[in-house]
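Below is one structure, written out as structure tokens; the observations come after it.
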Amino acid sequence: MELAQNAADAAADAGVEGRLLLRLLDDPAGGPGRLLAANTGAPLDAEGVQGLATLRASAKGGPAGAPGVVGRFGVGFAAVLAVTDAPAIRSSTGAVRFSRTESAALLRAGASPGLVAEVERREGHVPALRLPFPAPDAAQVPAGYDTVVDLPLRDAEARAAVEALLAPGVRHGVGDVLLLALPALAEVVVEVPGRPARRVADVGRRWRVLRRTGRHDPADLADRGVEDRRRLGWQLTWALPAGAAGPGDETGDGPAPALLPGVVCAPTPTDEDLPWPAVLVATFPLGPDRRRLAPGRATDALLDAAAEAYCALLTEVAADGGDAPALLPFGLGAGRVDAELRRRVLDRARDAPLLVAVEHPGHDGGTAPLLLRPSSAVALTGAGADDPALLAALAPALAGLVAAPRSADRLLTELGVARLGLADVLDVLPGLDATGSRDLFAALAPLAADPSAREAMSGLPVPLLDGRRVHGPRGTVLLDDPDLLDPAAARVFAGHGLRVVDPVASQGPGRDLLLRLGAREGGAWAVLTDPAVRAAVAASPDAEDPDEVAAAVLDLVAAVVTGPGGAPDEDAVRRTAQDLPWLADLALPDEVDDLAPAGALLLPGTLAERALDPDDVVPVAPDALREWGPAVLRAVGVLSGPALTHLDELDLGDPAAGEEAGLAGFAEYVEDVWGDVLDEGAAVPDVVVVRDLDLVVGAWPEVLADLAGTPAGLRALTAPWCLGEHRRTGLTAWWLRRHGPLPEVSRTAEGRAPAWVPVAPGWSASLPAAARAALGVLPDLGAAGAEDLPALLRLSAEQPPAPVDLLVLWGLLGRCAGDVVLAAPPRLAALDAGGRVVVAAAGDAVVVESPAWAQRTDLGPRVLVPAHAAVAVADLLDLDLSSDRAAGVVEHPGGEEREVPAAAAVLAPDLPGSWRHVERLRCDGEPVRFWVGEDGGVLAVDAVAAAAGLAQAVGRWSLRTALAEVLTAADPTAALAAELPGLPG
């Protein structure tokens, strides 16, 4: 280093390019050899010789230290004495040599006794560089150089030390750092026997270098020696290996970090640790040992200058797109100087433009990067902080955004960079357009699997198709078809709460992210059924622009009902009209361009025009029909025939529900059919109804044929409604029986129903059998059901039927009494004491509750129903039971018990084991043939009567004949065998 320093100073003095040759020569005689150091520049002169021979009397630098001059005090050359005792210097101006041996001999020969004694006390050691000698001309200056230093090596140890210093890759040896420390030196050539010559040059290609010079304030040097006080000028150099500066460097062949000196160079390496990714060479004041920086104001001033210069160097790195923060020292220092310099650098770095903005990183077509001061920058922390794609998506809307790799997290915080979590960034993020949002969503998509990141993204700003922006995807709609809605339609529905994401923003991988955060996908049906569309329809008559609302809704409906190829899908038309009955409230223009609900409009030339009251329903506007077509208009409720509505649930306890659905006679129906069970729960599920039946004024055969011609219409006519365990006739059939074109109950012309039932019109024969049954058209009396009972009871009282018809009617009454509601009729057909049919006032008739009571003909006209249904029928018709009109006191003389043959158990295992035979039997004074007591005991006047009593006792009235045969037969078993094949199964 000292030889190179002298070479650099010589070149600087002469103003030429400094070159140094270091040539190790072997000794032909086998000695350790010699080292030649040849350099260009100013030759040796008398002042130079005086400086070499006089301690701290360097002739370099001029009065204040010339720029580029490094050596001081004449002490540097003394370093050669580490390997030689006889250095020589030859120049074009002359030569001089020194010799420790000759100097000692002269001292002994001519010195005073005291001086000789001192030399002896020092064991013969004398200064080698105090007495210059003339140099012989044996060694010449190598060609191309101006001066050569000739160092005969002392011994093998000295040679080994020189070879080690000349070896390539040595940290403090001959390499780039040497040239960086000595800027006047452009080249060093090393020649060692047995190795190829090595040239070190062009250091600027491998290093990014920043040099600074300045002058000390004289006060800063007040505590230094005389020579230091004279040298006010200072120099410093920072150098970064090319590979450390990032993408802005053109080369990548810089030295490995292990070969950096790792210490402060002043300019020779000191013992002050500096484990930085850069080299610092500066003219720091040194302590007496020249290994440590001397504390003081001059050192502090130079440390300040070094910190300023290092920040400037990093700013250059950042301007070239390099990673400047990675080059900032952070953490505990390796020593006092390192810690002081770190503190100074970090203090200044807070306001140095060394962070590269994500928005304009540079190197894209030559664009310069946008540099930011840490104090004005912002960086993400936590999820996504070092994701380049996310940062690039955020950058256009988040001013001052910089990358924050996890390795630099603490450093950026120390520098004062504002740190925001993802949730905070999204909260303050200005509006992005749809394309920017799409890129942002795509960049955020990889974070969707992280629950904490999903929570942070809950407030993600989402652009909507209507031009608004909402915070948070939850509840927004992602269109399956981007052409389903245009912005105008989206604005119509937005006022009622529909939030449709801009289709551009929801493209790509960000779509899955939005779904994970609570958005929902929506096709035409999903959007049409959204509550916001329903609200828009309800408000359409009062809208500022009803036509705009109508267009938006009809566009959606068209998307739903249009099949492949553009043809209407009739199933979709019917489903839309039935399942979305609220569409009938959409305000549309009529034929005179007045607004009316779609459900109050009809299509010209259809059944609706022939059948419905023209005072209540008018044709739709021709323009609307031409623009949208009949299929779309039918789907929104414009009438072409009977209007069907499918309801998931209908609250029978809410009259407004029927009114809202347009159900004629709803309140009356609920009272008549369901009045007895409404307290058990009032909602009937899954029903199909026909809307506005009360508007039909003609063309009834066509209307009913149209209804019965579709599955939904047939269901509306025939399906019972269910409320809990109860199944009763539906509203449509109930209303048509009372207000439709047919009698409430009628018979087919070709059927076997009795003549007292009116004949149905001939056109009813074309209706399906199930539709005819629902409308009360009976092929015979046995086909009647509960819904036919009220009319049949009324008709039977108007024109008395045959007894057999009355028995069939009473059988139906017994079966249905528990699940039918009807008003108690004022008059009833019943049987008198002689078994004839009579029409009696309801208050006169009685319901006979058992065969025993049927023997009593003195209680009034009788209604004979199955015994198990007698109480229910009496309650339904508001009639007395026979037992209500008589005490039922039985009188008889004493009798005898008679056993029931064991064979009779085959007919009924629970038969009583005996019956009591009596001669006479009366009930309340009226003669009867048998009676069954409350305990099940049977009294009878003979065996046949006993059979009747036993049959009643076991509740099997049909067994009375078979039992009579068994009780009266001489051989009961044979009688039983004869009866069994004829018994009902």
Side-chain angles (χ1 to χ4, degrees), residues 1-10 13 20-25 27 29 31-39 41-60 70-112 115-116 118-142 145-159 161-162 165-166 227 268 290:
M1 182 65 181
E2 300 296 347
L3 295 174
Q5 185 173 294
N6 287 335
D9 290 345
D13 283 346
L20 173 65
L21 169 65
L22 298 172
R23 179 180 288 166
L24 181 62
L25 298 176
D27 183 356
R34 59 198 319 109
L35 174 65
L36 299 182
N39 63 267
L44 183 67
D45 56 16
E47 286 186 354
V49 174
Q50 183 180 3
L52 292 175
T54 305
L55 181 64
R56 300 186 181 274
S58 174
K60 300 176 183 178
V70 179
R72 291 173 284 177
F73 314 138
V75 299
F77 186 72
V80 301
L81 299 180
V83 295
T84 186
D85 290 330
I89 303 174
R90 294 177 175 83
S91 291
S92 58
T93 55
V96 66
R97 68 182 180 84
F98 299 89
S99 172
R100 189 185 305 275
T101 302
E102 292 181 43
S103 296
L106 286 175
L107 280 173
R108 289 189 182 92
S112 65
L115 184 57
V116 172
E118 178 64 23
V119 171
E120 293 301 329
R121 190 180 66 82
R122 296 186 181 190
E123 297 180 353
H125 180 78
V126 297
L129 297 180
R130 290 296 172 267
L131 299 176
F133 296 92
D137 297 332
Q140 300 297 322
V141 178
Y145 294 90
D146 298 309
T147 301
V148 64
V149 177
D150 183 1
L151 305 177
L153 300 177
R154 180 182 301 114
D155 50 27
E157 184 178 351
R159 177 166 181 127
V162 169
L165 289 173
L166 295 179
E227 289 292 337
T268 57
R290 296 177 55 81

Non-hydrogen atoms of [X] and [Y] that approach each other most closely:
| X | Y | result |
| --- | --- | --- |
| Pro152 | Asp150 | CD-O, 3.4 Å |
| Gln140 | Val148 | O-CG1, 4.3 Å |
| Ala82 | Arg154 | O-NH1, 3.1 Å |

(request) Just jot down the side chain to side chain donor-acceptor pair (under 3.5 Å) partners of Glu102, sequence neighbours excluded, or say none. (result) Arg97
(message) Holding to side chain to side chain donor-acceptor pair (under 3.5 Å), I want the full list of residues that pass it with Ser91, two or more places apart in sequence or in another chain.
(response) Thr147
Looking at [atom1] of [X] and [atom2] of [Y], how far apart are the two atoms once the value is rounded to the nearest 0.5 Å?
| X | Y | atom1 | atom2 | value |
| --- | --- | --- | --- | --- |
| Phe133 | Leu106 | CZ | CG | 5.0 Å |
| Leu22 | Asn39 | CG | CG | 10.0 Å |
| Leu44 | Asn6 | CG | CG | 10.0 Å |

[Y] and [X], any side-chain heavy atoms less than 4.5 Å apart:
| X | Y | result |
| --- | --- | --- |
| Val83 | Leu35 | no |
| Asp45 | Thr93 | no |
| Leu24 | Leu153 | yes |
| Val141 | Ser92 | no |

Taking [X] for its side chain and [Y] for its backbone only, find out whether a donor-acceptor pair lies under 3.5 Å.
| X | Y | result |
| --- | --- | --- |
| Asp146 | Pro43 | no |
| Arg23 | Arg34 | no |
| Arg159 | Pro32 | yes |

(message) Determine whether Thr101 and Asp85 satisfy the following criterion, side chain to side chain contact (heavy atoms under 4.5 Å, CB included), listing intermediate values before the conclusion.
(response) CA-CA 8 Å; Thr101 302; Asp85 290 330; 5.6 Å; no
(message) For a side chain to side chain contact (heavy atoms under 4.5 Å, CB included) check, start with the C-alpha distance between Val162 and Leu151, then their side-chain angles and the critical distance, and finish with the verdict.
(response) CA-CA 11 Å; Val162 169; Leu151 305 177; over 6 Å; no
